Structures are given as C-alpha cells and as structure tokens.
2 protein chains.
Amino acid sequence: MSLPRAKLVKNFPGCPVEATLTYLDGKWKGVILFHLMEGTLRFNELRRKLPAVTQRMLTKQLRELEESGLVSRTVYPVVPPRVEYAMTPLGMTLKPVIQALAAWGDDYVFCSPEGRELRLASDGLRAPVAALEA
Amino acid sequence: MSLPRAKLVKNFPGCPVEATLTYLDGKWKGVILFHLMEGTLRFNELRRKLPAVTQRMLTKQLRELEESGLVSRTVYPVVPPRVEYAMTPLGMTLKPVIQALAAWGDDYVFCSPEGRELRLASDGLRAPVAALEA
DNA sequence: GTACGTAGTACCCAAAAGGATACTGTAAAA
DNA sequence: TTTTACAGTATCCTTTTGGGTACTACGTAC
C-alpha cells in the first residue's frame with residue numbers, strides 16, 4: 001500500500017507528480033504495466049516475462065494495480081484455473097507516462113556490462129543518440 | 001539508495017521504465033525535481049516548499065539526486081552558510097517525464113476533500129478524451 | 001500412481017525506507 | 001543577552017517493503 005506516501009500529497013504543491021508516482025510505486029509495477037500495455041496476459045505468462053519476480057510479489061503488485069483500477073483481473077472458473085490480467089481504459093491513459101519513462105530510460109540509463117549497476121549518461125550531455133549507438 | 005531495485009533491471013525487458021523509476025524513487029524526489037525545474041533554490045527555500053519533509057529526509061533525497069547527477073549542489077563559503085540546489089543539464093532532460101507525470105496526476109488523481117486519501121477518476125473515463133486518442 | 005501446470009496463500013524473516021529528536025557553529029538581529 | 005537563521009549530523013526507532021519456503025486444490029498427461 002502506498003498510503004503513507006499518499007497521505008502527504010495534499011501538503012505541497014507539485015503533488016500531481018508525487019500523486020502519479022504513488023500509483024507507479026513498487027518494484028514491479030512499471031514492468032507489469034509495460035507488458036500489459038501490449039496485451040492481456042495470464043498470470044504465469046506475466047511471470048515468465050519477469051523471471052526475477054516471486055509468485056508472492058507478482059500477486060501483490062497485481063492486486064495493488066487492480067485496487068487502483070489500472071488493471072483488471074478476470075477469473076475463468078475452469079480447471080486448471082485461468083486468470084487474465086489486462087489494462088483498464090483508465091490504465092491505458094498511463095500510456096504517455098510509461099512511454100516518457102521508457103524513452104528517458106532508453107536514452108540515459110545504462111546497465112553496466114556486468115549488468116549489476118545503473119549508470120546515467122553523465123558526461124556533459126552529448127546527444128542522447130550518441131549514447132544509444134555506443 | 002535504490003540499488004536493490006537497480007540490481008534486477010537487467011533481468012527483464014521493459015527495464016527502461018524501471019530504470020527511470022529507480023532515479024525517481026523516494027518519497028520526495030518527485031516534488032523536489034518539480035520545484036527545481038522552475039529554478040535554483042536554497043536548502044531552506046526548498047524546505048519551506050515541502051512543509052512535511054524533515055531536514056534529514058530532504059538532505060538525504062537531495063544527496064541521492066546529486067549522486068545521480070540530476071541536481072547540483074553549490075556551497076558558498078559564507079556565514080551563515082548558503083547552499084544552492086539546481087537542476088543539471090542532465091536533470092533537465094527529465095522535464096518531459098515530470099510533465100507527463102504531473103499531467104496524469106492532474107487529470108486523474110484527486111485528493112479527497114479531507115485531503116487524506118488519493119482517488120483515481122474511475123468512473124468509465126469521461127475525463128480527457130485527448131489522452132485516449134493519443 | 002506420480003508428476004506437472006494452474007493461480008494462488010500463509011507464515012516468517014531481513015533489509016530498506018522513513019521519521020523524531022537533539023545537537024553543531026557562526027553571525028546578525030531583537 | 002537571548003534568539004533567529006542557516007545547513008546540516010548523529011542517534012535511535014518504527015514502519016514498510018520485499019523475499020524465501022512451503023502449502024493448497026484440481027485435472028490431465030505420462
């Protein structure tokens with residue numbers, strides 16, 4: 001739950017930024033939304049796209065997204081169970097936001113060769129393009 | 001530090017979104033960036049804009065932003081001390097992201113009248129049609 | 001008859017994030 | 001002379017977050 005963060009939103013201007021961040025908060029929400037933007041996925045399909053997430057965590061994040069109304073959860077009463085996650089229309093309105101986040105990440109964030117660290121394109125800001133080609 | 005989050009970024013596609021989020025993480029970074037986007041501020045000026053933040057927290061968040069290279073810190077060796085915080089050119093590249101976050105927050109997030117809760121515009125989406133067309 | 005895939009829960013624990021409070025030193029103002 | 005403003009640190013404590021492991025039920029495939 002992100003209520004602690006939410007609680008103080010009204011205390012300052014600039015809050016729309018924090019307000020949005022409140023809903024994107026949690027280690028996996030970003031990726032989940034990113035993937036669901038491209039289409040409905042079943043629980044384990046999603047899980048396979050996020051090799052590092054545990055079942056518990058995925059469930060938790062999905063529940064939070066569902067509670068926010070950004071993602072819908074449809075249970076088909078069959079056996080074996082079939083549960084589908086999809087963006088709601090409201091969730092879809094986040095598309096420009098997700099795209100902006102993805103674009104900036106693409107341009108300015110590097111995973112170091114070892115893949116264990118993040119780096120920003122810090123040197124004086126030559127073109128983002130150069131950063132990408134490199 | 002957001003390294004735990006960073007550590008797994010390379011483990012999945014969609015990571016540019018998470019990567020960006022990594023740098024925006026922390027309860028106050030969003031607002032701080034929002035305010036600094038509009039101009040340089042001294043420590044206590046910033047503090048007055050964020051009535052709810054403690055000194056310790058503000059310092060911490062600013063240090064992290066500085067370490068990321070998004071914000072610069074300039075100390076004038078006078079007494080009483082004068083320290084100015086400003087966006088770096090790299091930080092400025094976040095402007096579209098911050099704007100996207102702010103726009104979505106403005107359109108879809110409400111603080112309840114009592115100001116203690118966040119709500120999303122959930123009812124079927126009468127809101128900004130333009131956002132949907134995009 | 002055993003294992004597999006489905007979509008989860010329950011329980012416990014470690015780490016990280018956030019917060020409260022008190023303290024620093026100097027100079028100018030009241 | 002006491003207070004105020006400045007920009008922080010240091011210490012301790014609580015809350016939140018995230019993760020590990022084990023467990024469920026059901027039906028099908030081997």
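On a predicted model such as this, the values are computed, not experimentally measured, just so you know. Per chain, numbering begins at 1; letters A, B, ... match sequence-line order.
The side-chain heavy atoms of A:Leu24 and A:Leu101, taken from C-beta on, include a pair separated by under 4.5 Å.
Using a 4.0 Å cut-off, some side-chain N or O of A:Lys27 falls inside it from OP1 or OP2 of D:dG19.
Residues A:Met37 and A:Ile98 come closest through the heavy atom pair CE-CG1, 3.8 Å.
Here D:dT9 presents its P atom at 13 Å from CZ of B:Arg47, a figure rounded to the nearest Å. Atom OH of B:Tyr76 and atom C1' of D:dA5 are 19 Å apart (whole Å). Rounded to whole Å, atom P of D:dT28 lies 16 Å from atom CZ of A:Arg82. In this structure, A:Arg42 places its CZ atom 6 Å from P of C:dT6, rounding to the nearest Å. The interatomic distance linking B:Glu45 (CD) with D:dG8 (C1') rounds to 16 Å, in whole Å. Atom-to-atom, CG of B:Leu58 to P of C:dT21 comes out at 18 Å; the value is rounded to the nearest Å. Between the C1' atom of C:dG18 and the CG atom of B:Leu50 lies a distance of 15 Å, rounded to the nearest Å. D:dC6 atom C1' lies 14 Å from atom CG of B:Leu46, rounded to whole Å.
Residue A:Glu84 is classed as having no contact, given no heavy-atom separation below 4.0 Å to the nucleic acid. Among the heavy atoms of the strands lying under 4.0 Å from A:Gln61 are primed sugar atoms or P, OP1, OP2 only; no base atom is included.
Linking ILVMFWY side-chain heavy atoms closer than 4.5 Å, directly or via other members, places B:Met92 and B:Ile32 in a single hydrophobic cluster.
Ring-plane geometry between A:Tyr23 and B:Trp104 is classed as perpendicular, the angle between the planes exceeding 60 degrees on a 0 to 90 degree scale with a lower cut at 30.
Salt bridge status for A:Lys29 with A:Glu64: present, with a side-chain N to carboxylate O gap under 4.0 Å.
Projected onto DNA chain C by closest heavy-atom contact, B:Thr54 and A:Arg48 fall at different nucleotides, the more 5' of which corresponds to A:Arg48.
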>> So if I define the base as every atom that isn't primed, P, OP1 or OP2, how would nucleotides 8-13 of chain C read as a B/S/- string at a heavy-atom cutoff under 4.0 Å?
In response: BSBB--

> Going through the distances and angles, do B:Arg82 and B:Arg42 end up as a side-chain contact (heavy atoms from CB on, under 4.5 Å)?
Replying inline: CA-CA 7 Å; B:Arg82 175 186 190 86; B:Arg42 299 179 55 174; 2.8 Å; yes

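Under a 4.5 Å side-chain heavy-atom cut-off, the cluster of Ile, Leu, Val, Met, Phe, Trp and Tyr residues that includes A:Val78 is completed by A:Tyr76.
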